[in-house]
Amino acid sequence: MAEGGLLAHSRSPRSGCRHRLEDHLRGSASLARAFASGFGAGEVAEYLALVHDVGKGCCAWQDRLVFHAEPTGKPVGIPHKEAGTVLAARVAGRQLAAVVQGHHGGLPDQDKIKDVLAELRGAGQDAERAREATEAVARVVPEILRDQRIAPPAWLVGLGSAQHRAVALDLFTRMVFSCVVDADYLDTAAHFAGGKSRVSERADMGELLERFELRRERLLAGRASSPVDALRGRVYDEARAAAKGLPGMYVLHVPTGGAKTIAAGGFALKHAAEHGLGRVVFAVPYISITQQNADVYRELLDPAEGSDAEPVVLEHHSSVELDEEDGAGSWARLAAENWDAPVVVTTTVQLFQSLFARKPSVVRKLHRLAGSVIVLDEVQALPDRLLIPILSVLRDLVEHFGASVVLVSATQPSFWSLAQLDGLPRHGMVDDVAGLFEALRRVAYEWRLDADVTWESIAADIASEGGDRVLTIVNTTRDSARLHRLLTGQGEGGVRVSAPVWHLSTRMTAEHRREVIRHVRGELGAGRPVHVVSTSLIEAGVDVDFPRVYRAWAPAEALQQAAGRCNRDGRLPDGGTVVVFRPVDGGVPKDLSYKAALDATAEFFGPRPLAAPDNLNTLGAYYEKRWALQGTDGRSMGEGIQELRRKWDFPAVADEFQMIDNKYAQSVVVIRPEKTEEERDAVEADITLLRAPYPSGPGPLRRLQPHMATLPRHEVAEALRAGLAEPVIGDLVVWRGHYDPVRGLDADDPEDRGGYVL
């Protein structure tokens, strides 16, 4: 046993001191209580954090820390969760014992908890170590031993339906787990940094609202006037007025081009100030909108340049998997984001994947949602196959965790026709939605749906009919690269349009996409020729204004969202044109919900006598038909996930709930060839920090976000085997192969000198 008492962690490279176990347990417990008190779980979170590392108190663990882990930098290699799991089960119940058992590897299922408890009642080595550890820790932290059980919160007990209680306990457990692991990580990181745990003070939302209002007025005064400015002002005023309403579920239904981003921001800040809510979380479906909206909110909210005050806005869209079960690289978990900022701009993938995940690094931020305003922009992009669990968890956040949720879209789905929102009050923000849509109608649709439409024919159409400013939106990254090559005269059938042709897809880094969008806006503003070929990442919320837009056949809401990039400011006297085309060789997702959406679109929308995609009455019928086509038992919309949640089977829920299929979700750091030596060195330095044996905090991952692109996992695996990529931490890799300066990581690039043809 080491001198100086029981230890939790090895020496800090800064202070030279080891971390005493009693300090770590009490420090973590204090933080966890503060995090959970807002939703009635302060006592239980405090206790679970107090016992989470009790297993470190046995002699074997202490000796391995000092004589093996500290000198080698390797893991201790002796389990330490079980002793605390036994204590948690006695005091908080078996369901919440999962919080302690899972604080490294992830929330387990109930069978795992039963097995652990049964094993520790025996006479094996693990049971002996657990009893030894408990006795040793109780001598310095006696409060780990208590006879009185901690009662669940009254609201949970009072739920009438046993099924509802089970689902609510699933979310409650996740929230408590978030508080405990965030507290554990913060206290651990503070030790290795040689200081105290850093938790930001609660923001003054009233002050932020005043700053937002003042800068909004300046921003509008500096912009050229537009025919739709008055309508946008009306939307803002009505949204702001609605903010005085009680916390709950709100709907902002505004046509594309109606300035939803600023209206939603004004509502959220005023609503938070009115009701004492502590944070605003904006979630959007695409990283491109995350970047755009984060830029807008930074301009309106961050401290003035040169100020030493903390930034207000945190942009978070990295989805790196960091957790390992007590293995090498465990410090990497401390680089996970915990949303400790007044305003967070993230993706819906990041938000909901976290709500249904089980790993500590992903879940640690969840408690920040309690008592927050959660703005879900472009909610039409939520996947049908997961709607039942998504709507269920949103309702529970509103009813039991003090959150307000705002559903924002130009194509609002009929969510209240589904059982998950039945009976929940719906607060609208805009009085005359139909009138607003009529006033903001700015485009006409043309249809190319014949059987002879190909990419070559569409390229020819764009070259001959499109004019010099055209946006084309397609469904897959391969289609975007293929059409881009055709429009730049590459390959058979190429046409080479006269204007420069830019490209946008997730195979480009976030920074690269941001640069392209900024350049394209500048060209459009100056009236210069410019063409863009993009995946759907541009169509929902990205502020660009083309006179002519081509959209590959897609569900009705995507067609209308694409139209929002056409004649956006209403300056064309004859309106803009949206050409909807269906290429026989075009790619589309294969899942059932997408097929149902396409079938419903074909039934209701198209050339006359069918409706245009912005017909509100028809959109309502479209959503109901689309959902009906997927069956009445709810299986195709996520009912199976709800059943797993009722069983508290956290691993199975995490496996089943995938916003994006895992095979398409691996992050790749790319150091683009045009970077200066200083810029390249900075990226490499952050990669080195993440690979180091000590915790780095979330800073390096935040700084690397702009340099990340996304690839299918099988392509990443092939690149690793071919030496075109190298591991960093978790599932993050750094790219060492060719990067096309226009199309990024284009797997089909015929001029790829790096051999990236998979």
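The shortest distance between side-chain heavy atoms of D543 and R521 falls below 4.5 Å. Between F604 and L619, the closest side-chain pair of non-hydrogen atoms is not below 4.5 Å. Residues L369 and W339 meet the side-chain proximity criterion, which asks for heavy atoms closer than 4.5 Å.
Comment: R635 does not engage E656 in a salt bridge, judged by the lack of any side-chain N to carboxylate O separation of less than 4.0 angstrom. Under 4.0 Å is where a charged nitrogen must lie from a carboxylate oxygen, and between R223 and D229 no such pair does. Using a cut-off of 4.0 Å between Lys/Arg side-chain N and Asp/Glu carboxylate O, R232 and D569 are scored as salt-bridged. Remark: R298 engages E315 in a salt bridge, criterion side-chain N to carboxylate O under 4.0 Å. Electrostatic pairing of E643 and R646 does not count as a salt bridge here, judged by no charged N lying under 4.0 Å from a carboxylate O.
The CG atom of L407 sits 12.0 Å away from atom CD of E378, with the distance rounded to the nearest 0.5 Å.
Geometric assessment of R645 against the ring of F657 yields a negative cation-pi assignment under the 6.0 Å and 45° thresholds.
Note on residues 545-590: pairs passing ring-ring contact (aromatic ring centres under 6.0 Å, His included), not counting sequence neighbours, are W455-F581.
Below 30°, between 30° and 60°, or above 60°: for F415 and W627 the angle between ring planes is below 30°, a parallel geometry.
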